[in-house]
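Here is the structure we will look at, set down as structure tokens.
Because only heavy atoms are used, hydrogens play no part in the values below, and waters and symmetry mates are left out as well, while side chains stay in. One-based numbering, in listed order, for ligands and for the atoms of each.
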Amino acid sequence: MNFYELTHKKLEEFLQENELERFRADQLFRWVYGRRETDFAKMTNMSKVARAKLAEILRFELPKTVKHLKSADGTEKFLFEVGGGDTVESVLIPADDRLTLCVSSEVGCNMGCKFCFTGKQKMKRRLTTAEIVGQYLAASSSVAARDRRITNIVFMGMGEPLDNPDAVFSSIEVLRAPLGCNLSKKKITVSTSGIVPLIPRVTESGARLAVSLNGVNDEVRTQVMPINKRWPLKVLLESCREHCRQTGDRVTFEYVLLKGVTDSLESARALYRLTRDVPCKINIIPFNEHPGSGFTRPDESQVVKFQNELIRLGAHVLRRKTMGRDIYAACGQLRTVHNRAEVLNS
Ligand code: SAH
Ligand code: SF4
């Protein structure tokens, strides 16, 4: 069994099935996640017999980091090999006193949003818990060597997290485990394109919820996000309200500005009306261009006008700074790319 697949609870069960004491789970979590030690020979607070048995039943397997790129603006991108020639990416984003890691949940994505580079690539595989936790472990070791700590995790990389709920919620449990990575649940955000029946699992997990809205009525939203046909705005927003009622949290609505499609001042006003009875903040993201998308980024002046209109109406709105564009790490730019030629030709 790969240790990194197991939540603390599952590890306890696994140990018991193998006739080992459940409290060894605490010890193992401390060694592996606390001290990053995977050599059983060094785990000297356990008997030799227990260690020999553990070595027989547990192995430590993480995705291999194959590339680590740094952008001129401080953003970093990690590329991981996840077997079968597939790779996924994580992006590390520094901002003020925060260091946010954006993790991937799938190779490709089946939601097919029209503006998204990842969505052009059919989902090839859902990542395992170990592959998600592994992204954090690799990035966090890299920053620890520079005396920094990852403070926030967002599931906003490649893939639709709620299309891979089991691994996503297990990895959240591992990331939050007090004896493990010990991240606060309020520092973990799951972003979804709107798989409504699974939003209650985000609520249950304690993570924050972000929803990609990207359209102010069903007509526009369906045009850019086909998933809207299945779960239209009315049911999506009701499920967001329910999440807020249960948690007392606010939802983050992500809203991509596409020139001539979603960026008019009329859309800004409609966005305000649509979301005003949901406790929320709105995150506007000027479209990041990529080859062959058919969309363009609005002019800077239009982005400012759009944001100001929302502010004038009293919405809580933030603009997501575009970061890491030079290393293809900005929102919606992630895709398994083996070489530059593939980017330029696609
Ligand atoms: N699948 C999840 C999380 C990953 S996408 C989701 O859709 O929510 C993360 C965010 O990037 C989403 O809000 C999406 O709307 C946005 N995005 C996708 N492509 C983009 C692009 N080309 N430019 C700007 N934002 C983009
Ligand atoms: Fe998938 Fe999110 Fe991209 Fe849509 S925006 S295709 S859900 S990764």
*Between the side chain of Ser171 and the main-chain N/O of Val168, is any donor-acceptor distance below 3.5 Å?*
yes

*State the CG-CE distance between Asn228 and Met111, to the nearest 0.5 angstrom.*
13.5 Å

*asked:* Can you confirm whether more than 12 heavy atoms, excluding those of Lys187, are under 6.0 Å from its NZ atom?
replied: no

_Sole candidate of Thr189, Ile132, Thr192 that passes side-chain contact (heavy atoms from CB on, under 4.5 Å) when paired with Phe155_ = Ile132

*Looking at Ile188, Ile150, Leu137, which one forms a side-chain contact (heavy atoms from CB on, under 4.5 Å) with Leu175?*
Ile188

For ligand 1, output the ligand-protein N/O contacts shorter than 3.5 angstrom; if there are none, return none.
unit_1	atom_1	unit_2	atom_2	d
ligand 1	1 (N)	Gly159	O	3.0
ligand 1	1 (N)	Glu160	OE1	3.4
ligand 1	7 (O)	Ser212	OG	3.4
ligand 1	8 (O)	Ser191	OG	2.7
ligand 1	8 (O)	Ser212	OG	2.6
ligand 1	13 (O)	Ser212	OG	2.8
ligand 1	13 (O)	Glu254	OE2	3.1
ligand 1	15 (O)	Asn214	ND2	3.0
ligand 1	22 (N)	Phe115	O	3.1
ligand 1	22 (N)	Asn288	O	3.1
ligand 1	23 (N)	Asn288	N	2.9
ligand 1	23 (N)	Cys331	O	3.4

*Among the protein atoms near atom 3 (Fe) of ligand 2, how many are N, O or S and lie under 2.8 Å away?*
1

Can you list, pair by pair, the side-chain donor-acceptor contacts under 3.5 Å of residues 99-106, counting residues two or more places apart and other chains?
unit_1	atom_1	unit_2	atom_2	d
Ser104	OG	Glu89	O	2.5
Ser104	OG	Met158	N	3.0
Glu106	OE1	Glu160	N	3.0

Enumerate donor-acceptor pairs with a distance under 3.5 Å from any side-chain N or O in residues 294-303 to protein atoms, sequence neighbours excluded.
unit_1	atom_1	unit_2	atom_2	d
Arg297	NH1	Phe287	O	3.0
Arg297	NH1	Asn288	OD1	3.2
Arg297	NH2	Thr322	OG1	3.0
Glu300	OE1	Arg319	NH2	3.1
Glu300	OE2	Arg319	NH1	2.9
Gln302	NE2	Asp263	O	2.8

*Are side-chain N/O atoms of Gln246 and Glu242 paired as donor and acceptor at under 3.5 Å?*
yes

*Geometric class of the Phe60/Phe3 ring pair [parallel <30°, tilted 30-60°, perpendicular >60°]*: tilted

